[in-house]
Amino acid sequence: MKTNLPLPILIILASIFLTACVRDIDFDEADNIALTPVVELDLIYFTLTANDFFDSSTSNPRLTVSDTTDLPFLNEGFAQENLRKADFFFKFTNSIPRSFDINFQFLNPENTETYGTQTNVSQGTPQNPQPTDFTETVEGEELTELLKASKVVVTVTIESSNEELEGELNLKSKTTYYLEL
Amino acid sequence: MKNILLCIIVLWIGDLFSQNKEVLYGLEEVPQNLLLNPGSKVPQKFHFGIPFLSQIHINGGASGVSVYDIFQESSTDINSRIRDKIFEMDAKDFFTINQQLNIIDFGWLAKNEIYFSGGIYQELDFISYFPRDLAILAWEGNQQYLDYDFDLGEVSTTGELLTVFHFGANKKLNDNLTVGIRGKIYSSILQFQSKNNSGTFTTRETPDGINIYEHELRNLDISVQTSGYASLRDADGSSEVISELLGRSLFGGNLGIGVDLGATYDIGRNWTISGSLLDLGAVFHTNGVENYESKGDYTVSGIELIFPPIEDGQPTIPYFSNIEDEFEREVGIDTVNTSYTQLRPLKVNGAIKYRFGRSIGTGADCDCYNMGGAIETNQSVGMQVFSVFRPKGPQLAGTLFYYRRLWEFLSAKATYTVDPYSASNVGIGMVADLGKFNFYIAADNLLRYGNITKAKSVSLQLGFNIKIYE
């Protein structure tokens with residue numbers, strides 16, 4: 001008995017070792033793995049007061065103010081390769097009794113506009129600030145153009161202005177980035 | 001053929017309970033059993049391992065996930081399977097790879113009845129805990145997790161490649177007790193570690209704040225230590241890298257010292273207990289050290305435009321790079337070259353064994369000169385415990401085993417192991433002594449061999465030796 005027992009065991013063991021295998025597996029599926037995080041990030045914010053729209057030294061209204069910030073991540077590789085869609089959300093609160101035109105111009109490094117958008121902000125009063133929300137979704141062809149830009153110029157235009165004007169125009173904004181890694 | 005290749009790949013990248021060689025432990029027919037317990041009983045008078053072939057050990061594992069979990073053929077989307085796994089696993093789950101290759105291994109019984117043994121082996125050891133919060137952040141983003149504190153401290157990983165030079169002594173002190181000690185010199189080729197990290201990342205909605213959100217890094221304290229990496233990065237071409245690595249493997253790297261201790265004690269004729277402590281030591285990293293640290297707190301709410309009165313042609317305010325500079329100042333990565341000491345992962349083995357069956361070899365029932373000593377039989381059963389100390393605490397495994405000497409030249413041992421990977425790990429090992437030629441193979445997770453991809457860990461050891469008994 002002692003001599004007969006091991007042989008079957010050996011055969012079983014050998015077959016176990018040799019048949020260890022990979023079944024019902026599809027490694028080609030690795031190509032389909034896609035990370036699709038949705039990232040919320042603040043963008044710009046500002047508060048302009050009514051007297052920003054009046055030049056007291058010359059006693060002239062200043063109907064347009066503008067500022068520029070670099071957004072270098074837009075035309076860099078990561079966004080180029082992975083960004084599928086961007087939702088811009090702008091939240092204005094206006095307590096100045098005037099309406100505003102707001103212009104966003106996205107410029108490439110050569111200062112050529114590649115993408116632009118604009119909105120109107122309705123007038124409020126110092127006692128009753130008026131909210132205005134503005135959402136801009138960018139995808140597809142437009143996104144390709146947007147991602148050629150490296151900065152944004154924000155231009156704020158007031159319809160009219162004088163020395164007595166009171167109140168504030170406030171902006172908060174964020175972007176929702178839909179990525180595919 | 002493709003499947004065989006896949007098997008090999010899966011074995012390589014797949015798994016093994018880190019460093020637990022439960023089948024090999026206590027298997028006295030295998031000379032390399034002395035590397036698991038320097039105080040094991042040594043039946044032979046001399047052994048010499050075939051260079052590069054006396055022990056090949058591969059062990060990889062993932063405690064929370066198997067290849068099958070992710071890559072199974074199924075109607076569900078692979079991305080939803082990955083997502084489910086990310087949420088199912090926690091930060092205590094880990095991935096490990098441990099590989100050892102004996103380059104030289106030898107031993108002999110000296111005139112003073114001490115069995116000396118020594119050799120050189122190369123070891124690769126890697127563990128990474130699953131950084132769950134970071135995985136969620138990468139997979140899902142922060143939109144669904146506003147006000148949630150993503151824990152960046154879950155990052156915990158170590159990896160090393162080293163050569164070990166060892167020499168040990170083993171002596172049977174009396175009929176019952178055998179003890180052994182092994183000294184080791186570690187020559188580290190590459191090492192990195194990132195442990196004891198902390199910090200959180202939070203995106204908070206701030207209705208009364210200056211912007212819609214506030215992005216905050218709080219109590220950030222993340223560090224990565226590397227040794228042997230900086231000079232490779234600067235090396236010129238692969239031949240320079242290879243000669244640099246070879247030099248380090250032969251005492252040219254950062255050196256360390258360590259010791260293994262072990263003992264075997266026979267209680268009466270049938271019972272034996274044994275235990276060992278392995279790699280009680282440290283490597284001192286002083287050369288080629290480059291460490292990266294990031295510490296501090298940082299909060300940002302976007303870019304504030306101040307609409308300065310600017311004439312045409314004047315430069316605009318560099319809002320964005322100001323924020324980048326502030327980030328660098330508060331939580332930027334510092335590179336330092338501080339030496340550090342790395343403890344090697346300490347391993348503990350323990351076993352209790354009961355022998356029965358037909359008596360063989362020495363110490364037979366009727367041997368009047370062996371009244372107190374143990375008898376050798378052709379079968380035994382017992383229990384083993386194994387523990388390895390890892391960055392987040394010890395990892396434990398328990399094993400039941402059955403050993404049988406099938407023929408004079410062939411022994412086998414079967415094991416059943418419960419460990420963090422699974423509760424149904426069956427392993428088997430065989431040792432053949434063909435004349436002076438000794439061959440062994442041991443593997444675990446056999447129940448998964450029907451479809452190896454379902455295994456969360458795989459361990460495989462095999463080797464060839466020359467052994468002389470008289």
Side-chain angles (χ1 to χ4, degrees), chain A residues 2-3 5-6 9-10 13 16-48 52 55 62 65-73 89 91 151-154 156 170-179 181, chain B residues 3-4 6-7 10-11 67-68 70-74 77-79 82 137-144 146 203 209-215 300-310 316-321 324 358 378 406-407 410 412 428 430 441 443 446 448-454:
Chain A
K2 291 283 183 284
T3 50
L5 181 66
I9 293 178
L10 273 180
L13 280 177
I16 288 174
F17 280 121
L18 293 176
T19 57
C21 233
V22 171
R23 279 192 220 149
D24 312 323
I25 287 291
D26 184 4
F27 282 113
D28 294 339
E29 275 214 72
D31 298 336
N32 300 331
I33 296 176
L35 281 71
T36 53
V38 180
V39 177
E40 295 273 323
L41 288 178
D42 279 324
L43 192 60
I44 55 174
Y45 63 97
F46 62 73
T47 301
L48 284 166
D52 286 323
D55 188 340
R62 188 195 288 148
V65 299
S66 79
D67 201 357
T68 305
T69 179
D70 286 336
L71 298 174
F73 55 88
F89 175 69
K91 185 181 183 61
K151 54 186 143 185
V152 63
V153 181
V154 182
V156 180
N170 173 268
L171 168 71
K172 298 176 179 182
S173 68
K174 62 158 179 144
T175 315
T176 308
Y177 300 95
Y178 297 84
L179 300 168
L181 307 178
Chain B
N3 282 349
I4 293 170
L6 279 176
C7 285
V10 169
L11 275 171
V67 174
Y68 184 80
I70 302 300
F71 288 100
Q72 61 184 284
E73 281 175 0
S74 149
D77 178 35
I78 186 166
N79 291 306
I82 294 175
L137 187 58
W139 198 259
E140 302 256 287
N142 62 350
Q143 187 180 50
Q144 301 300 318
L146 299 177
T203 300
I210 52 177
N211 208 344
I212 292 168
Y213 297 126
E214 178 180 87
H215 307 287
V300 65
S301 294
I303 301 163
E304 181 177 19
L305 303 183
I306 57 173
F307 293 90
I310 289 178
T316 54
I317 298 177
Y319 294 112
F320 196 85
S321 53
E324 285 180 317
R358 184 167 54 90
N378 70 330
L406 299 167
W407 286 312
L410 187 71
I428 210 151
M430 281 185 301
I441 182 164
L446 296 181
R448 299 282 177 272
Y449 268 49
N451 189 349
I452 193 82
T453 61
K454 287 186 181 176

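The chains referred to below are lettered A, B, ... by the order of the sequence lines, with proteins before strands, and numbering in each begins at 1. Keep in mind it's a predicted model, so treat the numbers as computed, not measured.
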Once rounded to the nearest 0.5 Å, what's the spacing between atom [atom1] of [X] and atom [atom2] of [Y]?
X	Y	atom1	atom2	value
A:Glu40	B:Thr203	CD	OG1	8.5 Å
A:Leu181	B:Trp139	CG	CH2	9.5 Å
B:Tyr319	A:Ile44	OH	CD1	10.0 Å
B:Asn142	A:Leu41	CG	CG	6.5 Å

So among B:Ile317, B:Thr316, B:Leu305, which one has a side chain to side chain contact (heavy atoms under 4.5 Å, CB included) with A:Thr69?
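Exactly one option meets the side chain to side chain contact (heavy atoms under 4.5 Å, CB included) with A:Thr69, and it is B:Leu305.
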
Donor-acceptor under 3.5 Å (A:Asn32 side chain, B:Asn79 main chain)
no

Parallel, tilted or perpendicular: which fits the ring planes of B:Phe320 and A:Phe73, with parallel below 30° and perpendicular above 60°?
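B:Phe320 and A:Phe73: tilted rings.
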
When the 4.5 angstrom heavy-atom criterion is applied to A:Ser66 and chain B, the contacting part is backbone

Side-chain contact, heavy-atom cut-off 4.5 Å: A:Leu43 with B:Ile303?
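No - every pair of side-chain heavy atoms lies 4.5 Å or more apart.
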
Taking the side chain as every heavy atom from C-beta outward, state whether B:Phe307 and A:Val156 have any pair of such atoms under 4.5 Å apart.
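Yes - at least one pair of side-chain heavy atoms lies under 4.5 Å apart.
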
Examine whether an atom of [X] lies under 4.5 Å from a heavy atom of chain A, and if so say whether it belongs to the side chain, the backbone or both; otherwise answer neither.
X	result
B:Glu140	backbone
B:Gln144	neither
B:Asn211	both

If we define contacts as heavy-atom pairs under 4.5 Å, which of A:Thr36, A:Val38, A:Val65, A:Thr176 has the most with chain B?
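So the answer, after comparing A:Thr36, A:Val38, A:Val65, A:Thr176, is A:Val38.
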
Give me the atom names and distance for the closest heavy-atom approach of A:Pro37 to B:Leu137.
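Heavy atoms only, the tightest pair is CB-O, 4.0 Å.
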
